[in-house]
Amino acid sequence: MPPHHPTSPTGPEDTPALVDFTVDLTAQEVLRRAQVMDALGPDWDPIEVLRGEEAAYDLLYSGLDAEQQRVYDALVAAGVLAPRGDGHAAA
C-alpha cells in the first residue's frame with residue numbers, strides 16, 4: 001500500500017500556501033481593561049500610588065552604611081538601578 005500524502009494548497013514554487021488567519025481581540029481587551037479598572041475601584045489614584053512607590057524607594061535606600069553605599073553606587077554605575085536624587089542613596 002503506498003504511503004498516504006494528503007495534498008494541500010500550494011503557492012509559488014510548490015511551497016505551501018499561507019492561509020489568512022485573523023483574530024480580533026479588541027472586544028476582549030476592552031472587557032479586560034474595564035474589569036481591571038473596576039477591580040481598582042473608584043478611589044484609585046495613580047499619582048498617589050507613584051508617590052508611595054517613590055517614598056518606599058527613598059526609605060529602602062536611606063541610611064546605608066559605607067559598604068552598602070558602595071554596592072548601591074556600583075549597581076547604579078552598572079545600570080542595574082536608576083540613579084536617585086544626586087546619584088547617591090538618601091542619607
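Model, not experiment: these values are computed from the prediction.
- Linking Ile, Leu, Val, Met, Phe, Trp and Tyr whenever their side-chain heavy atoms come within less than 4.5 Å leaves Leu60 and Val49 in two separate clusters.
- Using modelled atom types, no side-chain atom of Glu29 and backbone atom of Thr26 make a donor-acceptor pair closer than 3.5 Å.
- Between the CG atom of Asp73 and the CD atom of Gln68 there is a distance of 12.0 Å, given to the nearest 0.5 Å.
- Both Val80 and Tyr72 are part of a single hydrophobic cluster, where members link through side-chain heavy atoms under 4.5 Å apart.
- A salt bridge is absent between Glu54 and Arg51: the closest approach of a Lys/Arg side-chain nitrogen to an acidic carboxylate oxygen does not fall below 4.0 angstrom.
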Take Met37 and Trp44 through the side-chain contact (heavy atoms from CB on, under 4.5 Å) test and state the conclusion after the steps.
-> CA-CA 9 Å; Met37 294 306 293; Trp44 181 65; 4.2 Å; yes
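- In terms of heavy atoms, Asp24 sits closest to Gln28 at O-OE1, 3.6 Å.
- Rounded to the nearest 0.5 angstrom, Tyr61 OH and Leu75 CG are separated by 8.0 Å.
- The environment of Leu50 atom CG is dense: over 12 non-hydrogen atoms of other residues, nucleotides or ligands sit within 6.0 angstrom.
- When hydrophobic clusters are built by joining Ile, Leu, Val, Met, Phe, Trp and Tyr residues whose side-chain heavy atoms come closer than 4.5 Å, directly or via intermediates, Leu25 is grouped together with Phe21.
- Ala82 and Val76 get closest at one heavy-atom pair: O-CG2, 4.2 Å.
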